[in-house]
Amino acid sequence: MHIQLNGEAYPLSESLSVAGLIEHLQLAGRRVAVELNFEIVPRSQYETTLLKENDSVEIVHAIGGG
Amino acid sequence: MSVIRTDHPFVIAGKTYSSRLLVGTGKYKDMEETGLAIAASGAEIVTVAVRRTNIGQNKDEPNLLDVISPDRYTILPNTAGCYDAESAIRTCRLARELLGGRNLVKLEILADQKTLFPNVVETLKAAKVLVDEGFDVMVYTSDDPIIARELEAIGCIAVMPLAGLIGTGLGICNPYNLRIILEEAKIPVLVDAGVGTASDATIAMEMGCSAVLMNSAIADAQQPILMAQAMRHAIEAGRLAYLAGRMPKKLYASASSPLDGMIG
């Protein structure tokens, strides 16, 4: 299946939770925040939130800015 | 009629800060310079931007929040780069999640890429939503006193008019508008954007601003760490001069040395 990840189509070979996606992207333990279909996914719900076909996922972090 | 000014602590969202200089983290050559400049500035509130994480790239890239630790600094996430209320609101929600539920945000909605002038219509819309959602909104705006008044009425906790356009270093382009905003506001007024060098920051503080937020003036200086120190002193000097109350300007001379006891 495919999801939209940070604005681009991203293939997933298996169904994943948000926690699984974070792990898959090697972002575990990093300071990121996740939005799924325009709604925030709280960290506490990463494990229980399952991704579906065509879900739109945004993963953000802090960078330098003024 | 002269009034002796008394010092008031600089309080943002219930927390008192001793530094009245807020700094951005953009435009530095690397993370090390960012960390050193910010330490030299003495700033306690530091702005960051929120952006998409690079997927599959730069996995070992140092994370800004590891250099600018939220344990040491108050992190002020901004909505820079947003051109409408909806994207700014989404960015603030992501920032709150990113920072473990902290509600402090810098709302900044731009209108135009050439001027980076604030879009006050979208800013007013977003401010209403964010205040309703419990955010502590420090809001970047134009130097229009009426818009500043509206943003205060909505419930923003600080109003931050530009001194000049972002990144121009032109200083306080319209001091008279800023004076009107300062006279009317009951919440902290910070100059945000346009400061170019230390004297610009001092002037803003002498006028009675609660604090100044800057990024380019430090990061784009030839020696950013040195300029960060300069800004720290400039802000303190300006605040002290504001409290001290300057002498009146006069057209003609007034001798400093007494005329009595002259020889000859």
Side-chain angles (χ1 to χ4, degrees), chain A, chain B residues 22-28 30-31 33-34 38 46-56 59-61 63-70 75-81 86 89-101 106 108 116 140 166-167 192-193 213-219:
Chain A
M1 71 175 205
H2 282 78
I3 58 170
Q4 285 290 313
L5 177 58
N6 285 359
E8 292 183 12
Y10 191 87
L12 288 178
S13 55
E14 53 179 334
S15 182
L16 286 178
S17 65
V18 171
L21 179 66
I22 297 269
E23 189 74 35
H24 172 73
L25 297 171
Q26 296 179 276
L27 293 171
R30 305 204 65 148
R31 293 173 194 269
V32 295
V34 179
E35 185 194 77
L36 172 60
N37 302 330
F38 299 89
E39 300 284 337
I40 297 294
V41 184
R43 217 168 300 265
S44 59
Q45 292 173 23
Y46 284 3
E47 294 284 350
T48 54
T49 305
L50 297 175
L51 298 174
K52 301 183 301 296
E53 180 74 27
N54 290 329
D55 270 349
S56 176
V57 179
E58 296 282 350
I59 304 179
V60 301
H61 65 162
I63 64 158
Chain B
L22 288 71
V23 294
T25 51
K27 297 185 170 178
Y28 289 99
D30 54 30
M31 287 280 186
E33 189 184 68
T34 310
I38 285 158
V46 175
T47 63
V48 303
V50 177
R51 289 291 181 276
R52 287 170 164 167
T53 305
N54 282 330
I55 303 299
K59 287 201 177 54
D60 300 321
E61 185 184 41
N63 189 307
L64 180 64
L65 294 183
D66 295 333
V67 178
I68 308 298
S69 166
I75 305 296
L76 177 60
N78 69 27
T79 63
E86 189 194 348
I89 293 164
R90 281 174 70 195
T91 302
C92 288
R93 290 171 182 157
L94 280 163
R96 176 155 66 182
E97 174 64 17
L98 186 64
L99 294 166
K106 171 183 161 179
E108 165 180 346
L116 299 179
Y140 172 64
I166 293 170
D192 180 1
L213 198 167
M214 65 180 75
N215 191 152
S216 304
I218 297 175

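All chains are named by letter (A, B, ...) in the order of the sequence lines, taking the proteins before the strands, and each is independently numbered beginning at 1. Remember, it's a predicted structure, so these values are computed and weren't measured experimentally. FYI, side chains are in, hydrogens and waters are out, and symmetry mates aren't considered; it's all heavy atoms of this structure.
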With a 4.5 angstrom heavy-atom cut-off, which part of K106(B) approaches chain A: side chain, backbone, both or neither?
-> side chain

Nearest-0.5 Å distance that lies between atom CG in L27(A) and atom CG in N54(B) = 10.0 Å

Counting only heavy atoms not in E23(A), do more than 12 fall under 6.0 Å of its CD?
-> no

Please determine, among S216(B), G26(B), A49(B), G24(B), the option with the most heavy-atom pairs under 4.5 Å with chain A.
-> A49(B)

Supply the atom-to-atom distance R31(A) CZ to L65(B) CG, rounded to the nearest 0.5 angstrom.
-> 5.5 Å

Tell me, for N78(B) versus chain A, whether the close heavy atoms (under 4.5 Å) come from the side chain, the backbone, both or neither.
-> side chain

If you check every heavy atom in residues 55-66 of chain A against those of chain B, which residues fall under 4.5 Å?
-> E58(A), I59(A), V60(A), H61(A), A62(A), I63(A), G64(A), G65(A), G66(A)

Hey, what do you get for CD (E86(B)) to CZ (F38(A)), rounding to the nearest 0.5 Å?
-> 6.5 Å

K27(B), R52(B), E97(B): which one forms the most heavy-atom pairs within less than 4.5 Å of chain A?
-> R52(B)

d(T53(B) OG1, N6(A) CG) to nearest 0.5 Å is 6.5 Å

Quick check: are there more than 12 heavy atoms from other residues, nucleotides or ligands sitting under 6.0 Å from CD of E8(A)?
-> no

From E39(A) CD over to R90(B) CZ, what is the distance, rounded to the nearest 0.5 angstrom?
-> 10.0 Å

